[in-house]
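Chain identifiers are assigned alphabetically (A, B, ...) following the order of the sequence lines, protein sequences preceding nucleic acid strands; residue numbering begins at 1 within each chain. These numbers come from a predicted model, not from an experiment.
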Amino acid sequence: MSDESLPHRILACVESIPRGRVMSYGDIAEYCGANTPRLVGRVLSLDGGTVPWHRVVRSDGSLATHKSDRQRELLEAEGVRFRRERVDMRACRWDGAQS
DNA sequence: ATGTTGACACCGG
DNA sequence: TCCGGTGCCAACA
């Protein structure tokens, strides 16, 4: 399964997130076999923006630290439901296999 | 090898 | 629900 390197796997996973859906750093880490969610954030920062990074949020639904404004904008544009400053995980969480 | 840093997660108050 | 401290693991100087 891991014909690709871990960083590449993570990016592929993020790309697989459907429009209007989100995944937490921890979920992606587990799904891709990363030992720590911090690694996911690192990969995304290095990548720069060739993947829909805005669809990756914290496990509690809060947004990333520096780009939170931008991120919320993009997510709302995709129809993601917000509750104050947090994503409605209950409705938008994507596990990578859900229908 | 050791200490610092970070696009995180979890727990207690 | 909000805030702060603690635990994690990998990358870097």
Side-chain angles (χ1 to χ4, degrees):
Chain A
M1 283 311 212
S2 22
D3 8 333
E4 305 289 354
S5 62
L6 177 57
H8 193 275
R9 243 180 298 158
I10 292 174
L11 293 176
C13 184
V14 175
E15 283 180 338
S16 76
I17 303 176
R19 181 181 171 287
R21 284 308 167 124
V22 298
M23 255 178 111
S24 77
Y25 292 91
D27 288 346
I28 294 174
E30 262 192 279
Y31 191 82
C32 297
N35 306 324
T36 165
R38 289 203 178 271
L39 190 46
V40 176
R42 180 176 252 321
V43 171
L44 288 177
S45 65
L46 292 179
D47 170 62
T50 59
V51 300
W53 58 272
H54 53 270
R55 291 178 188 157
V56 184
V57 302
R58 289 190 174 169
S59 62
D60 65 346
S62 59
L63 305 179
T65 48
H66 27 229
K67 308 284 191 197
S68 53
D69 333 288
R70 177 72 176 153
Q71 184 167 21
R72 167 149 187 188
E73 223 183 328
L74 292 164
L75 288 173
E76 289 198 299
E78 295 188 349
V80 173
R81 292 162 50 24
F82 269 77
R83 184 127 127 155
R84 271 209 187 83
E85 299 304 304
R86 279 173 222 57
V87 177
D88 186 341
M89 295 298 274
R90 214 192 4 158
C92 300
R93 194 175 189 183
W94 178 257
D95 53 28
Q98 209 168 84
S99 84

- Ion pair present between D27(A) and R93(A), side-chain N to carboxylate O less than 4.0 angstrom? yes
- Task: Could you tell me whether E78(A) and R55(A) have a side-chain N and a carboxylate O separated by less than 4.0 Å?
- Result: yes
- Can you find a heavy atom in the side chain of M89(A) that is under 4.5 Å from one in the side chain of V57(A)?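 In short, these two side chains touch, coming nearer than 4.5 Å.
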- Indicate yes or no: at least one non-hydrogen side-chain atom of V87(A) is less than 4.5 angstrom from one of F82(A). yes
When you measure from the side chain of [X] to the backbone of [Y], do you find a donor-acceptor pair of N or O atoms at a distance under 3.5 Å?
X      : Y      : answer
Y31(A) : G96(A) : yes
Q71(A) : H54(A) : yes
R9(A)  : C32(A) : yes

- Note on the structure: Its contact letters, B for base, S for sugar-phosphate only and - for none at protein heavy atoms under 4.0 Å, make nucleotides 3-13 of chain C read ----BBSSS--
- Item | Whole-Å gap separating C1' (dA7(B)) and CG (L74(A)) | 14 Å
- Please check if atom CD in E30(A) has more than 12 non-hydrogen atoms from other residues, nucleotides or ligands closer than 6.0 Å.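 Open: at most 12 neighbouring heavy atoms sit under 6.0 Å from CD of E30(A).
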- Message: Within the 4.0 Å heavy-atom criterion, would you say R86(A) contacts the bases, only the backbone, or no part of the nucleic acid?
- Response: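 Answer is sugar-phosphate: R86(A) comes under 4.0 Å of backbone atoms only.
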- Message: For DNA chain B, which residues of residues 52-62 of chain A approach it to below 4.0 angstrom with any heavy atom?
- Response: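 W53(A), R58(A), S59(A) - these, ordered by number, are the residues of the stretch whose heavy atoms sit under 4.0 Å from the strand.
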